[in-house]
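Encoded as structure tokens, the structure appears first; notes follow it.
Letters go in sequence order (proteins before strands), and every chain restarts at 1.
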Amino acid sequence: MDINALREKQILTAAEVIRHDDVDFTQPEIIAGADVGFEQGGEITRAAIALLSYPSLELIEYQVARINTTMPYIPGFLSFREYPALLAAWEKLTRLPDLLFVDGHGISHPRRLGVASHFGLLVDRPTIGVAKRRLCGRFEPLPPDPGAKAPLMDKGENIGWVWRSKLRCNPLFISTGHRVSMDSALYWVQQCMRGYRLPEPTRWADAVASNRTIFQRWQQGRDSEPDFFVLR
DNA sequence: GCGACAG
DNA sequence: ATCTTGTCGC
């Protein structure tokens with residue numbers, strides 16, 4: 001792989017990213033979350049996409065894809081490592097979401113093409129980048145208050161938001177992926193919060209990808225009588 | 001040259 | 001990201 005060629009490709013591709021609200025999702029019906037993980041020491045890349053109804057935010061479908069890893073992790077080039085698996089999971093979906101939250105950055109990237117933007121372009125859907133750590137840019141220290149927000153700035157440009165979604169938790173880095181404005185990106189993430197650090201679509205994608213207990217319970221509830229599964 | 005560096 | 005137990009705090 002030629003990193004310099006990929007860098008040039010990113011610069012050209014970034015010019016195609018749409019940073020405003022291109023479609024009207026006043027009343028989205030389905031919002032999805034996408035997450036990627038690795039198995040066998042990184043040999044296998046596993047992508048999970050979870051579809052949630054909106055505004056009830058209930059899991060209605062999920063798809064998982066496992067493929068051989070094609071590239072190592074290189075900061076700034078994450079999308080080339082993750083998009084093949086994401087595309088495989090995407091193609092398994094029986095219906096498509098109106099909006100997709102991708103783990104990682106959108107335009108808050110050195111060349112403005114994080115995985116959320118790159119994948120959004122590939123599938124031509126509105127996407128939002130929801131990252132847990134900073135990749136580039138600077139921001140003022142955040143007050144401890146939940147809801148505290150600061151602009152993420154890079155080279156004089158506001159490339160995203162640093163937002164404390166929950167008290168005593170590290171902030172989230174939210175940015176435009178594709179076909180969504182910066183303000184809408186933050187707005188929709190906020191609409192999908194249910195008391196945890198991560199928005200529900202992202203949380204479910206993570207739960208599915210990592211087979212967490214919350215997802216296992218959901219699976220059991222599917223082929224059993226829901227009424228007999230009153231946990232807690 | 002040195003440090004930073006999504007997942 | 002992943003490998004992993006106990007543990008600190010709400």
Side-chain angles (χ1 to χ4, degrees), chain A residues 1 3-4 6-7 10 13-14 17 33-50 64-89 100-122 127-139 144-146 152-155 157 159-178 182 185-186 189 195-199 201-213 232:
Chain A
M1 105 206 99
I3 290 299
N4 284 320
L6 294 183
R7 181 179 286 104
Q10 287 182 324
T13 308
V17 173
D35 189 31
V36 176
F38 297 87
E39 303 171 11
Q40 301 173 19
E43 296 291 309
I44 303 293
T45 301
R46 170 181 18 72
I49 295 181
V64 178
R66 298 171 72 255
I67 65 170
N68 291 321
T69 302
T70 57
M71 233 189 85
Y73 167 66
I74 302 172
F77 297 88
L78 179 70
S79 67
F80 295 104
R81 174 173 165 85
E82 302 195 335
Y83 86 70
L86 285 171
L87 273 182
L100 175 69
F101 293 2
V102 180
D103 73 295
H105 290 90
I107 62 171
S108 44
H109 174 280
R111 290 165 296 284
R112 309 295 185 259
L113 192 74
V115 62
S117 298
H118 196 168
F119 190 69
L121 273 170
L122 290 173
T127 58
I128 294 172
V130 180
K132 304 178 199 66
R133 308 196 322 183
R134 183 193 73 97
L135 172 60
C136 69
R138 304 176 55 116
F139 61 96
D145 319 54
L152 180 60
M153 304 294 296
D154 186 46
K155 296 171 182 170
E157 181 183 14
I159 56 175
W161 306 110
V162 184
W163 181 59
R164 195 183 301 288
S165 57
K166 188 179 179 184
L167 185 65
R168 277 173 249 89
C169 284
N170 291 323
L172 259 28
F173 296 79
I174 298 159
S175 61
T176 288
H178 183 48
M182 292 244 313
L186 180 60
V189 168
Y196 298 90
R197 182 195 179 209
L198 298 174
T202 303
R203 211 167 69 82
W204 275 105
D206 178 75
V208 171
S210 305
N211 195 32
R212 303 206 186 289
T213 52
R232 286 206 112 283

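- The distance between atom CG of A/L86 and atom C1' of B/dA6, rounded to the nearest whole Å, is 13 Å.
- Residue A/G76 is classed as a base contact, given a heavy-atom separation below 4.0 Å to a base.
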Treat a base pair as Watson-Crick or G-U wobble with both distances under 3.5 Å, then lay out DNA chain C in dot-bracket form, 5' to 3', with | for cross-strand pairs.
..........
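- Atom CZ of A/R133 and atom P of B/dA4 are 12 Å apart (whole Å).
- Between the CZ atom of A/R7 and the P atom of B/dC5 there is a distance of 17 Å, given to the nearest Å.
- When all heavy atoms are compared, the tightest approach of A/I174 to A/V189 is CD1-CG1, 3.7 Å.
- For A/R134 and B/dC5, the shortest distance from a side-chain N or O to OP1 or OP2 is below 4.0 Å.
- Geometric assessment of A/R203 against the ring of A/F101 yields a negative cation-pi assignment under the 6.0 Å and 45° thresholds.
- Taking atom NE2 of A/H105 as the reference point, atom P of B/dC5 lies 11 Å away to the nearest angstrom.
- Under the 30°/60° scheme for interplanar angles, the aromatic rings of A/H118 and A/Y83 are found to be tilted.
- A straight line from CD of A/Q10 to C1' of B/dC5 spans 14 Å, rounded to a whole angstrom.
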With 3.5 Å as the limit, what N/O pairs link the protein to nucleotides 2-7 of chain C?
{"from": "C/dT2", "atom 1": "OP1", "to": "A/F38", "atom 2": "N", "distance (Å)": "3.4"}

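- Protein atom CG of A/L78 is 11 Å distant from nucleotide atom P of C/dA1, rounded to whole Å.
- Atom CZ in A/R112 sits 11.5 Å away from atom OG1 in A/T176 (nearest 0.5 Å).
- Between A/V130 and A/I128 the shortest side-chain heavy-atom distance falls below 4.5 Å.
- Without hydrogens or angle criteria, A/W161 side chain to A/S175 main chain gives no donor-acceptor distance under 3.5 Å.
- At the heavy-atom level, A/F80 lies nowhere under 4.0 Å from the strands shown.
- Other residues, nucleotides and ligands contribute only 12 or fewer heavy atoms inside 6.0 Å of the CZ atom of A/R138.
- The CG-P distance, from A/L198 to B/dG7, rounds to 10 Å in whole Å.
- How far CG of A/L100 is from CZ of A/F119: 6.5 Å, rounded to the nearest 0.5 Å.
- Atom P of nucleotide C/dG9 and atom CG of A/L167 are separated by 15 Å, given to the nearest angstrom.
- Between A/L135 and A/F173 the shortest side-chain heavy-atom distance does not fall below 4.5 Å.
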